[in-house]
Each structure stands twice: as structure tokens, then as C-alpha cells.
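To start, the structure itself, in C-alpha cells.
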Amino acid sequence: MVAAYLLDTTDNSGDIEGICAHYDYHDIQSDEAVYGKGAKKGLPEDDEVFFAHLARKIKAIQWLTPKLEKELRDKKQMDLYRDMEAPISSILAEMEITGITVDANRLNKMKDEFAQRLNDIEEKIFDQAGERFNINSPKQLGHILFEKMELPVIKKTKTGYSTAVDVLEQLKDQSPMVEDILQYRQIAKIQSTYVEGLLKVILQDGKVHTRYLQTLTQTGRLSSVDPNLQNIPIRLEEGRKIRQAFVPRKQDWVIYSSDYSQIELRVLAHVSKDEHLQEAFNKNQDIHASTAMRVFDISQPEDVTPNIRRQAKAVNFGIVYGISDFGLSQNLGISRKEAKNYIDTYFERYPGVKQYMNDSVAQAKEKGYAETLYKRRRYLESINSSNFNLRSFAERTAINSPIQGSAADILKIAMIELDKQLKEKQFKASMLLQVHDELVFEVPQDELETLDQLVKGVMEKAVELDVPLITESSWGKTWYDAK
DNA sequence: GCGATCAGCAA
DNA sequence: TGGCGTGCTGATCGC
């Protein structure tokens, strides 16, 4: 599965059957056909059916192996497979099995507190609306806001009125109720997805055991499910408190976290060779402020206001994630024209980046795929499409995938080296989580100093780029306190 | 019970 | 020349 994923991320449905079909091997059924799906999923009643399926899978894997190996060699991806994806697979399994301890008492207290607050806000909203309705239903909420109260309709969805946060933000001054709805939404999200969601998946060992999907994303990133531990809140204080429930498995241990600072932009500085971007990182400047100065033509650092820096940050965000001028305009609440202007200016002021982007697109058009520093491929079917939208998307993808994908490669390399060292040096600490540019560990107090040295050293020296790789580390009694 | 839709979280 | 970075989860709603 991992080999097939490296060869082509798209034809990988997460099932051997799909891969077999690709190679015209049909003596196999999909897992779904045998085990069912949804609520009916389970082992077949007839053992023979079950065993026959397993046997056919083994046979299929044997048949596939030499073919996949040959293709890996032809595509020069054998190293990527052998030295990166195969070892990472075992490390992820260990992390999943280890799990992370979650303080259910803490979550239960939060649950009560949030339930009380949701109740209060709910009553307040009903009071102002003059009727009771389901605030969680965008349809009912839209009816109240845009029909009963006749607030201006700012945006529509396919099926009705949009009640998304950016819309509500604009309606705030029209009615005090809107603020309450925003407040309600914020807490309801934390309550249902995180407090209740996490409580449901704590096992007898007091831990949650996420599963990392290694063969899913088109860029080489991991994803995390059941539960997803890669999107635990952090930006807003209310949500951030969820992290207080993530604790070490023993008293006197701590949660230690280390993350790469701006790894994607550093990768971009490296692959593009852009003089200005490299200079900013080599001088360890505040990259968003530095971008602000170039894009908005500011000569003195002290003239970069927080708002201007925020805009520059959004531009950098757009570069890293491959968003369109429309996406940037939505992020910043500006017109598409202005957004396009920002992007054009960015390219003007970072000519190396522009050159890199042109080259990436040209190469993708020629080869039909984009690739990372470590030969991870992403095929781009629509790169030569006559459909503007499809083509534009593929072009942004051609630019963005090597950046995001190479960053993912680098963290995987660091994880492999760290895992090796932790074992060799017999650390008691365990690696628990990977969150795209961050690694989270639990560690005894007396090992903390050595672990910090090790993690920092390994992550920063995982690969050598034209610009330094910098990490920021922190620790505390809970994941919240590791900040 | 299931799938589509909307909404919102993270890097 | 028209929809708009990805992936995951939860609530609602209609079938």
C-alpha cells in the first residue's frame, strides 16, 4: 500500500483491491465488499469467506510486490520507500499503540462548565429571537436572521443563506444577538468535537490512540483519525484549554513539544534560491515582518504595524498553501483585485520565488507531476487542461506540493533519526504525536534536558538546506503548558 | 441508517 | 471567466 502510494498517490483508495485493479489483477475483493461498511461493518458470518479473502490478499501482495519494486526502482523512489516510508510506518504504529493519556476528570469539568454556558447563551438568544429554535441548524438560524429579523443577506450557500463566521462578523452591529450566536458556536464546537468527542474515545488505559493515515494525502503529509489529534484547538484561549487534558502517563513526567519554525517558507527559500528570502532566514529575521517590508514598500522595521504584518502573514500563508487570489481576498476580507495586487507585488519583490514557480509549473506540464526534494511525486492530471479553473488549481498545486511535501519529508527524516536515538540511548521518553511541523513527547523530569538537546539537534540537523532549520521547544505539566 | 450539506478546527 | 489550499469531525436534514 505504501509503495503504491509513493508511485501514485491518487490511485490509492486505501485498499489492496484498488491497487490490484490498477495492475489488472482481479482475483480479489475489496475489504468493503467482504466486511461491509458503516453500522453493518463486521466479519463475514462464514469463516471460509473471511479466510478466502485473507488468502487472496496475501496472494495479491505476493503478485504485486515485484511489480511495485520494479516501478519504485524505475522512478528512483526506492530510497524514499526503504529509508523513509517503511521505517515511518513502524514508528507510527508504535506511537499509535503508545497513545497519549487524557485527563477525563478535567474534560468532565469542562463539559459541565460549557454546558452551563451554552444553556445561558441559548436562553439569551431565544429571548432576543422571540422564539425557541435549533441554533445548530444553519437552516433554522438563517430563517431567524434573514427572514424574521430581516438582516441583510451577505452570502448564500447552495441551499440557502450562509451563516458562516465571516458573515456573522459583518452582521454584529446590526443586532446584539449575532455576537451571542458567535459565542454559542465557538463553545458548541469545543463541546461537541473536542470535550465530548475525546471523552468518547478514551480507552480503559486512560489514553486515546489516534491512527495515522500514511497513504492518504496528496502531498506526503500524514493525517490523523479516531480521534484527529492534529487539529486540537490552540488559537483561541477557550479552545486551547482542551490541551490541559493531554497529560503525561506518569506523575513527575512532562509533555515536551518541539516544532519547526516556518519550515515551509524555509524550504521555499531553499528550493527557489531566492536571494531575499534566504537573506531573511540567514539573518533570522521575523519573516512576516520582512515580507511586509518588501511587499508594502516599508523601509523601517518599526513602521510595520501589527495589521500590516497580519496581511503579509496571510500572503505567506497563501504561498505555502497554494491558495488563489480569491482565497487570499477571502482570508483578508479585501477585494480580489487587491489580493491579486499583493501576490503580483510579492513576485516582483521575490524574483527568485517567481522564477521557481514558473519553473515548477513548466516542469509539471512537461512531466505530468510535481516532486519533493526526496522524489515524492504528485501527478497533476489537469495541468494542461483547457479549463482555466482546473488548470489554475493544478498550477498552484505544482508549486505548493514540493514545498509542503518536502517539509513533510523533513519531519519524517527527523522522526526516524529520533526514534533510533531514543532507542539506542534507552530513553524512557516516548514520542507521542506528530502535528505536521511539531513532535510531542512525554518525558521524565530528569530526562528533560537531554531530550531537549537531542530533539533540537536531530530536528535542526535532519537535513541541510541553504538556510538554517530552527526549532522552538517548550514543556509543561500538560500539552497546554507546553507553550 | 446513510449521504449530502454546512460549519469550524489545525498545520 | 469561474470556483476558489487539505483533512477531520459533528450536527442537521431529507430520503
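Proteins get letters first, then strands, A, B, ... in listed order; numbering begins at 1 in each.
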Donor-acceptor pair under 3.5 Å, Arg221(A) side chain vs dA11(B) base: yes
Interatomic distance, Gln77(A) atom CD to Leu6(A) atom CG [nearest 0.5 angstrom]: 5.5 Å
N or O in side chain of Lys189(A) less than 4.0 angstrom from dA11(C) OP1/OP2: no
Plane angle bin for Trp475(A) and Tyr256(A) - parallel if under 30°, tilted between 30 and 60°, otherwise perpendicular: parallel
Distance in angstrom units between Leu433(A) CG and dC8(C) C1', rounded: 15 Å
Under-4.0 Å side-chain N/O to phosphate OP1/OP2 contact, Ser137(A) with dA11(C): no
dC9(B) phosphate, OP1 or OP2, under 4.0 Å from Gln186(A) side-chain N/O: no
Distance-only donor-acceptor test (3.5 Å): side chain Arg235(A), base dA11(B): yes
Test item: side-chain donor near acceptor, Thr9(A) and Gln218(A), under 3.5 Å: yes
Touch class at under 4.0 angstrom, heavy-atom based, for Thr193(A) against every strand present: sugar-phosphate
Sugar-phosphate, base or nothing in reach of Asp325(A), heavy atoms under 4.0 Å: nothing
Residue pair Asp112(A) / Gln116(A), side-chain donor-acceptor N/O under 3.5 Å: no
Sugar-phosphate only, base, or nothing, as touched by Asn400(A) at under 4.0 Å among non-hydrogen atoms: nothing
Side-chain N,O (Ser162(A)) to OP1/OP2 (dC6(B)) below 4.0 Å: no
Sugar-phosphate, base or nothing in reach of Thr163(A), heavy atoms under 4.0 Å: sugar-phosphate
N/O (side chain, Ser223(A)) to phosphate O (OP1/OP2, dC8(C)) under 4.0 Å: yes
Spacing between Ile234(A) atom CD1 and dC9(B) atom C1', to the nearest angstrom: 12 Å
Near-ring test Phe246(A)/Tyr480(A), centroid separation under 6.0 angstrom: no
Presence of Asn136(A) side-chain N/O under 4.0 Å of dT12(C) phosphate oxygens OP1/OP2: yes
Atom-to-atom span, CG of Leu332(A) to C1' of dC4(C) - whole angstrom: 15 Å
Short side-chain N/O contact to dC4(C) OP1/OP2 from Arg396(A), under 4.0 Å: no
Touch class at under 4.0 angstrom, heavy-atom based, for Asp226(A) against every strand present: sugar-phosphate
Atom pair distance, as rounded to whole Å: CD1 in Ile190(A) and P in dT9(C): 18 Å
Sugar-phosphate only, base, or nothing, as touched by Lys37(A) at under 4.0 Å among non-hydrogen atoms: sugar-phosphate
Touch class at under 4.0 angstrom, heavy-atom based, for Leu213(A) against every strand present: sugar-phosphate
Atom-to-atom span, NZ of Lys200(A) to C1' of dG10(C) - whole angstrom: 8 Å
Sugar-phosphate, base or nothing in reach of Ser329(A), heavy atoms under 4.0 Å: nothing
Contact under 4.0 Å: Ser324(A) side-chain N or O vs dG5(C) OP1/OP2: yes
Asp31(A) side, atom CG; Asp15(A) side, atom CG - distance, nearest 0.5 Å: 4.5 Å
Check: Asn228(A) side chain, dC8(C) base, donor-acceptor under 3.5 Å: no
Length of the line joining Arg336(A):CZ and dG3(C):C1', which is rounded to integer Å: 9 Å
